[in-house]
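Read through the structure below, which is laid out as structure tokens, and then see the notes.
First the proteins, then the strands, lettered A, B, ... as listed; each starts at 1.
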Number of protein chains: 2
Amino acid sequence: MSPARVESGAPTALLERAMEILSCFDPKHSALTLTQIAELTKLPMSTCHRIVGTLEAGGFLSKGSDRKFRVGTKLWTIAQHAPLSERLRESALPTLARLYEETGENVTLAVLDRGQALYVDRLVGERSIPTISRAGGHLPLHTTGVGKVLLAYQSEKAIEQYLAQPLPKPTPQSITQPDALRRDLADVRKNGYSITRQEMTRGSGSIAVPIMRNGRCVAAVGVIVHLNRLDTNRLVSTLTDAAASIAAELDGH
Amino acid sequence: MSPARVESGAPTALLERAMEILSCFDPKHSALTLTQIAELTKLPMSTCHRIVGTLEAGGFLSKGSDRKFRVGTKLWTIAQHAPLSERLRESALPTLARLYEETGENVTLAVLDRGQALYVDRLVGERSIPTISRAGGHLPLHTTGVGKVLLAYQSEKAIEQYLAQPLPKPTPQSITQPDALRRDLADVRKNGYSITRQEMTRGSGSIAVPIMRNGRCVAAVGVIVHLNRLDTNRLVSTLTDAAASIAAELDGH
DNA sequence: GACTAAAGTTTCATGGGATGGAAGTTTCTG
DNA sequence: CAGAAACTTCCATCCCATGAAACTTTAGTC
């Protein structure tokens, strides 16, 4: 009866809307005004206002003096109990710290999440080069050191499924030919580590190794370095030690 | 007008329930079955099932093969964009790593949140002693090194408000007398660091210093050590350097 | 492997809470 | 200090969340 019925998959359901609102907060939007949220979610202002208000009351969002909303401490606190933080991050952090001290380079820890590399942690210093990866961020599997490792140790089927989709090519050096990637991944499995050279960012490369548990690759550690500092042998051995140490720590708990 | 309108605190509202469900995940409950969630929230099973299902579909929760729910990667990802993670943690991590390497002790970073010390990060190793504090956890202000610092640099009014409430006394050494605490806090302000001795845990003590920004104490860094390793002078100077370094990093961005 | 208790899932009639247009209020901006 | 943009409140309408009950699956026992 109502003439203007929103036809297709009505994105109704309060909860879904709330989750959509929270999902607006991403690397590019860490602080948003109500209007911006309404625009991003395409929700009516009044509805948006109400939901955001409830989320704020619950501590899931917090409003700054600049009238911008940010992710609240309550949500952050809950997230710290995700297995990701609880087991992996917590176990790996001391080792990552050592790795960072030893190499002075960008150190990253990632897991596989929805067909992408999810960066669980990273340590960056002044000495190290700027990177795109950031904790909580996703990057493609085939253009990053940690990503290649994570992909290489997947099942044949999963790998083919990944290769079947269109692959982004952020730099001219990015390898996007399925066949070339298959060879690359086979090398990773054979050597036990991956290398990338300018496949994600111009001027830098990376090396990564798997963290194995019960014969499965549960995560990957890697370093990102300036191309001319890519000292494979030294880095691989340091990384391998670190991976073993993290794996031991994981089992220890 | 509306005849039977129950005006008083109707504990309704889907969203609030959803937030309550998510809040069930705390240090003691990182994995919960549906039934457990229903019990904790006192919600009817069917209602709980529906909400949990929606949260799972949105990636806010994830169901393991053990049919237990855990905090999902989506929620975790969003939380990484909290100012806490984005600015503080990210800026402080390299310094904390160095601190950890230098001292080999438990290193913690905390902010003030709802009248408690919220641990933003901690680094623990095999060498260091076990502690209760964990990233994402809350502890009282008056029984922890970082807590005393955070409290000491609050306004007079806020301090008195804190002292006015009943103060938990986890160990016999915990200082809960308002007057004794006032003196203690004055010392912290005078010296620029705090010391605790067995006020939270038997056998261990802690030292902490403030991280200042624009004349305000925005966070505190501390170490937790075995009592007989509490080498005040050395630790204070190391911590002060670290705090300055973190503050600089915060401004740099 | 049958039996059973507990955990999880689906169903559905009902009414209470969500909805969003519109009007009112505050806060920027030039 | 206008004028606009951002934000907040209001409220009649109606849709969707509700939860008891029935049903299905899983885990534990002999």
Open item on the list: Whole angstroms only, please: what is the CG-P distance between B:Leu55 and D:dA17?
Closed with: 13 Å
- [ ] Consider the side chain of A:Arg67, meaning its heavy atoms from C-beta on, and name the nucleotide among D:dT26, D:dT8, C:dT27 that approaches it most closely.
- [x] C:dT27
Open item on the list: At less than 3.5 Å, do the side-chain atoms of B:Thr33 and the base atoms of C:dG8 form a donor-acceptor pair?
Closed with: no
Task: Between P of D:dA5 and CD1 of A:Ile37, the distance in whole Å - done: 20 Å
TODO: Give a yes/no answer on whether the side chain of A:Lys63 brings an N or O atom under 4.0 Å of OP1 or OP2 in D:dT8.
DONE: yes
TODO: Measure from CG on B:Leu32 to C1' on C:dG8 and round the result to the nearest Å.
DONE: 15 Å
Task: Distance in angstrom units between A:Ile51 CD1 and D:dC16 P, rounded - done: 13 Å
Task: Phosphate OP1/OP2 of C:dG8 contacted by B:His49 side-chain N/O (<4.0 Å) - done: no
TODO: Would you indicate which nucleotide in D:dG19, D:dC7, C:dA18 comes nearest to any side-chain atom of A:Thr35?
DONE: D:dC7
Open item on the list: Output the rounded distance in Å from CG (B:Leu34) to C1' (D:dT26).
Closed with: 14 Å
Open item on the list: Need to verify one output field. Residue with the more 5' nearest nucleotide on DNA chain C, A:Thr47 or B:Gln36?
Closed with: B:Gln36
Open item on the list: Just N and O in the side chain of A:Arg17: are any of them under 4.0 Å from OP1 or OP2 of C:dG20?
Closed with: yes
Open item on the list: Strictly distance-based, threshold 3.5 Å: is any side-chain N or O of B:Gln80 a donor or acceptor partner for the main-chain N or O of B:Trp76?
Closed with: yes
- [ ] Apply the test side-chain contact (heavy atoms from CB on, under 4.5 Å) to residues A:Val149 and A:Val209: give CA-CA distance (whole Å), side-chain angles for both, the deciding distance (0.1 Å), then the verdict.
- [x] CA-CA 6 Å; A:Val149 167; A:Val209 302; 5.7 Å; no
Open item on the list: Any base atoms under 4.0 Å from A:Arg50, or only sugar-phosphate, or nothing? Heavy atoms, all strands.
Closed with: base
- [ ] Measure from CE on A:Met45 to P on C:dT26 and round the result to the nearest Å.
- [x] 16 Å
Open item on the list: Within the structure provided, determine whether A:Leu84 and A:Asp113 are in side-chain contact (heavy-atom separation under 4.5 Å).
Closed with: no
- [ ] Please state how far atom CZ in A:Phe69 lies from atom C1' in D:dT8, giving the value in whole angstrom units.
- [x] 11 Å
Open item on the list: Heavy atoms only, 4.0 Å cut-off, all strands: where does A:Lys68 land among base, sugar-phosphate and nothing?
Closed with: nothing
Open item on the list: Output the rounded distance in Å from CG (A:Leu15) to P (C:dA18).
Closed with: 11 Å
Task: Separation of B:Lys74 NZ from A:Leu22 CG (nearest 0.5 Å) - done: 9.0 Å
Task: B:Arg213 (side chain) donor-acceptor with B:Leu250 (main chain) under 3.5 angstrom - done: yes
